[in-house]
Each structure stands twice: as structure tokens, then as C-alpha cells.
Amino acid sequence: LSTIILDQISQLYNIIHNMKLTTKGRFAVSAILDIALNQKTGPVTLLAVSERQGISLSYLEQLFSKLRKGEIVSSIRGPGGGYRIKKAYTDISVRQIIAAVDEKIDATQCGGTENCHDGNRCMTHDLWISVNKKIISYLDSLSLQDLYDNHQLTESGKQSHRIDFFENNHHKNGVRV
């Protein structure tokens, strides 16, 4: 019995560990927020984002090629060029940003193929599918505007008014979610 429990704990640890977003998704969200915060005076260069966020320029170039194809940003060429957010901040979800850079959000060990336990469906498969749905729903509920507003509150020193993302004290399209 203890071997079975240890095996399940180990499996749970691996699933939770593997569920973490890679740097691709995290860096994409950070870079998009950086552009949103800094595009007031014109297009934002990836070099400026790289310096502010500590992300390599070549890595940002790869991400922004995908973000441009994903209709999240537009690029302006030439002197004074750079990137701008393509849509209203309220129309861009965190999930869209993550999906645009081909980041997979999956808590299952099997990638949804139901072959994670010696080629068979594991007994907790439905749990991890439900976790996937919750994560995706949650990331869909957060807009770039939510991140922007939260950053502005943090920077203004109104720490007590920051959005508590885990308590869902934010709004989407005027509705509390």
C-alpha cells in the first residue's frame, strides 16, 4: 500500500512540476505587458524590452515573430520602428498571448491521450483534465488590461488596491469574474 501511495505522490509531483509554464509563455506575457506600458510615445523596440525585462534579444525576436502572426502585436519598420499592441487591451487574454507562442497548458502526464499509466488511462485522468479546463478558463478571464491596471496600481503605491488574481477580484468587459 505504501508503495502505491508513494507512486501516486510521485506522479502528482511530476504532473504539477510539468504543469509550470516554460519561459516562453512567461516571457511572452511579460514582454507584451512591457510594450503595453511603454507604447504611449510610439512603437517599442525589442532592444528596450530586452533591457528592461532581462530577456535576450534573439529570444524576444523569436517570440515576437509568433506574437505578430498571432495578431497580438504589429510591427513598424524603419527608424523609430518597433512593436505596438494590435488590439484593445481588454480584447487580449493572457491565454491568447501564451497560445500565440505555442505554449501548451496541460496538467495531464499523457497530453490528454489517456496512456499515462503503462499505456492505459490513469485513475486521476479526469482530475487533471478538469485542472486543465480551470487553468484555461482562468487565463481566458484575465485580459492584458487586467495586467496593465494591476501594474499601474502597484507602481502608484496603492498596493492594497492591487488585483488579487487568485480571488477573482477583477472584471472582464465590466463584469466581475
Q. Which pairs, with at least one residue in residues 70-84 and sequence neighbours excluded, count as a side-chain hydrogen bond (donor to acceptor under 3.5 Å, both in side chains)?
A. E71-K86
Q. How many angstroms lie between CG in L33 and CG in N150, if you round to the nearest 0.5 Å?
A. 9.0 Å
Q | Contact check, side chains of H151 and L147, non-hydrogen atoms, under 4.5 Å | A | no
Q: Supply the atom-to-atom distance W128 CH2 to C122 SG, rounded to the nearest 0.5 angstrom.
A: 9.0 Å
**Q.** Listed partners of E51 passing side chain to side chain contact (heavy atoms under 4.5 Å, CB included), at least two apart
**A.** L47
Q. Hey, what do you get for NZ (K87) to CD1 (I72), rounding to the nearest 0.5 Å?
A. 5.0 Å
**Q.** Donor-acceptor pair, side chain of S50 and main chain of I55, under 3.5 angstrom
**A.** yes
Q | Side-chain (S141) to main-chain (Y138) donor-acceptor, under 3.5 angstrom | A | yes
Q | ILVMFWY cluster, V49 and I76 together (side-chain gap under 4.5 Å) | A | no
Q.
Tell me whether V94 shares a hydrophobic cluster with I135, the cluster being built from Ile, Leu, Val, Met, Phe, Trp, Tyr side chains joined at under 4.5 Å.
A. yes
Only distances under 3.5 Å count here; give the side-chain donor-acceptor pairs of residues 35-46 to other protein atoms, sequence neighbours excluded, each with its distance to 0.1 Å.
from, atom 1, to, atom 2, distance (Å)
N38, ND2, D34, O, 2.7
N38, ND2, D34, OD1, 3.3
Q39, OE1, I85, N, 2.7
Q39, NE2, Y89, OH, 2.8
K40, NZ, L37, O, 2.8
T45, OG1, A48, N, 3.1

Q.
Using side-chain heavy atoms (C-beta onward) and a distance below 4.5 Å, is I97 in contact with V101?
A. no
Q) Between G70 and A100, which heavy-atom pair has the shortest distance, and what is it? A) CA-CB, 4.4 Å
(Q) Please report the interatomic distance CG(L139) to OG(S93), rounded to the nearest 0.5 Å. (A) 8.0 Å
Q. What distance separates L144 CG from Q96 CD, expressed to the nearest 0.5 Å?
A. 10.0 Å
Q: Please round to the nearest 0.5 Å and tell me the distance separating atom OG of S130 and atom NE2 of H125.
A: 9.5 Å
(Q) Heavy-atom count check: over 12 atoms from other residues, nucleotides or ligands less than 6.0 Å from K133 NZ? (A) no
Listed pairs under 3.5 Å, donor-acceptor, residues 58-69 side chains, sequence neighbours left out:
from, atom 1, to, atom 2, distance (Å)
Y59, OH, T23, OG1, 3.4
Y59, OH, K24, N, 3.3
K66, NZ, D102, OD2, 3.3

